[in-house]
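Every chain is numbered from 1, with letters handed out A, B, ... down the list of sequences.
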Amino acid sequence: QQQVKQSPQSLIVQKGGISIINCAYENTAFDYFPWYQQFPGKGPALLIAIRPDVSEKKEGRFTISFNKSAKQFSLHIMDSQPGDSATYFCAASRDFGNEKLTFGTGTRLTIIP
Amino acid sequence: ETGVTQSPTHLIKTRGQQVTLRCSSQSGHNTVSWYQQALGQGPQFIFQYYREEENGRGNFPPRFSGLQFPNYSSELNVNALELDDSALYLCASSSKRDSGNTIYFGEGSWLTVV
């Protein structure tokens with residue numbers, strides 16, 4: 001019940017296109033959903049996060065869409081750039097302020113010219 | 001730059017040995033969590049320390065242990081190293097005083113067990 005399922009495993013998008021990564025969770029007690037970006041050899045960096053009281057959150061080119069009834073959330077990267085090429089992890093945690101994150105398995109995103 | 005620093009960045013150990021990894025949390029953050037990230041996988045929660053006490057533990061055996069010091073820095077100790085312990089070990093700091101659950105990760109310590 002602690003699983004977070006992430007898809008696709010890898011994604012290739014043309015420069016300027018929209019990258020979409022999806023996650024689904026099982027535990028309805030999860031109430032914090034961050035996305036992390038990780039470059040090779042680096043630690044994960046917080047990109048954007050959402051709580052279930054809103055259905056969408058946008059920060060620059062990055063948008064999280066959240067569907068509480070379906071227990072799904074997704075990351076959209078608009079106008080994808082080569083510098084966005086990285087591995088993206090969705091995560092979830094139970095109890096606001098509880099930092100025990102459960103991560104998805106990651107999506108390797110490659111942006112091609 | 002997250003303000004979370006980890007040391008060492010890389011190390012190689014022999015099976016059966018012990019290792020200590022260190023983490024300095026971001027200034028003002030009183031909570032430190034440790035995660036293990038195997039190659040090609042997402043990070044897995046090991047345990048969390050809050051005000052020098054263990055505050056939750058993931059599915060890791062007792063040979064994984066930790067400490068948090070009064071300045072909120074932390075250590076992860078792994079005894080009787082096994083080949084499967086080879087991974088990136090990540091420290092994450094946060095503050096329960098924050099209104100948001102913002103968690104900052106360090107760059108990690110790469111452990112190779114041979």
Of the backbone (N, CA, C, O) and the side chain (C-beta and beyond), which part of B:Q44 lies under 4.5 Å from a heavy atom of chain A, both, or neither?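 Contact with chain A involves no heavy atom of B:Q44 at all.
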Would you call the rings of A:F33 and A:Y25 parallel, tilted or perpendicular, taking 30° and 60° as the class edges?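 Geometry flag for A:Y25 against A:F33: tilted rings.
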Parallel, tilted or perpendicular, judged at 30° and 60°: which one describes the rings of B:Y35 and B:F45?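 Perpendicular.
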Measuring centre to centre across the rings, with the benzene-like ring taken for any Trp, is A:F89 within less than 6.0 Å of A:Y36? no
Considering only heavy atoms and a distance below 4.5 Å, find which of A:P44, A:G106, A:A91 pairs most often with chain B. A:P44
A:Q6 portion near chain B, given a 4.5 angstrom heavy-atom threshold: neither
Answer with side chain, backbone, both or neither: which region of A:P34 has an atom nearer than 4.5 Å to a non-hydrogen atom of chain B? neither
Would A:I48 and A:F66 show up in the same hydrophobic cluster when neighbours are defined by side-chain heavy atoms closer than 4.5 Å? yes
